[in-house]
Student: 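Take this structure, written in structure tokens, and hold onto it; I'll ask about it next.
For ligands, and for the atoms within them, numbers begin at 1 and follow the listed sequence.
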Amino acid sequence: MPDRDLLVTWMKDAHAMERALIPVLERHAEQADARPELRARLERHVGETKRHVEILERCLQRYGEDPSATKDLIGRASGTLQSFATAPFGDRLVKNSIADYATEHFEIASYEGIRAAAERLNDDATVKDCETILEDERDMARFLSESLPHAVDTEIRRDR
Ligand SMILES: [Fe+2]
Ligand SMILES: [Fe+2]
């Protein structure tokens, strides 16, 4: 595949992934009522994720691509992301946190790949957009890393 087409494919995958993540994050925010700080951070990341969708749409449009054509990819992306995020466990707070923490790293890897491809193509605008998004994802991953032990504490206390 020509380099340009590969970059477009990866950006479409990322666009589908971000769109699939919005309802997952919204649900996890609702389910985090026992931890108001986590809930607020998840709600904020819903907003950030919506912004990532818009940024990717602008990136795709610069390549003359129609972002609405990524609809078919969404089902595939959400299957991967929700694999163990829907179970009705008593330890849902921890399970959700682990899934969200892993997802942020999946996003980080995706954008590092897209950024590398954009660098090869001298596409400075896309490189910059990836860096903007990566900042949000890294910040969220850091928050989830720090909040995971607190989620564990909440579930352990509930169990007693
Ligand atoms: Fe994102
Ligand atoms: Fe994210």
Student: Which residues and atoms, counting only protein N, O or S, are under 2.8 Å from the Fe ion (ligand 2)?
Tutor: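 Listed by chain and number, the atoms are H45 NE2, E104 OE1, E104 OE2, E107 OE1, E137 OE1.
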Student: If we count only N and O atoms by modelled type, under 3.5 Å, do the side chains of T154 and R35 hold a donor and an acceptor together?
Tutor: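 Distance-only check passes for T154 and R35.
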Student: Spell out, as yes or no, whether a donor-acceptor pair under 3.5 Å connects the side chain of S145 to the backbone of A141.
Tutor: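 Between the backbone of A141 and the side chain of S145 there is no qualifying donor-acceptor contact (under 3.5 Å).
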Student: Does E26 have more than 12 heavy atoms from other residues, nucleotides or ligands lying within 6.0 Å of its CD?
Tutor: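 Yes, CD of E26 has more than 12 neighbouring heavy atoms, counting only those of other groups under 6.0 Å.
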Student: Using atom types as modelled and distance alone, determine if a side-chain donor or acceptor of E155 lies under 3.5 Å from a backbone N or O of L93.
Tutor: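 Flag set: sc E155 to bb L93 pair under 3.5 Å.
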Student: With the side chain counted from C-beta on, respond yes when R44 and D139 share a heavy-atom pair under 4.5 Å apart, and no when they do not.
Tutor: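 Result yes, sub-4.5 Å side-chain heavy-atom pair found.
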Student: Among E112, E107, E104, E131, find the residue that satisfies the salt bridge (Lys or Arg N to Asp or Glu O under 4.0 Å) test when tested with R138.
Tutor: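 Option passing the salt bridge (Lys or Arg N to Asp or Glu O under 4.0 Å) with R138: E112.
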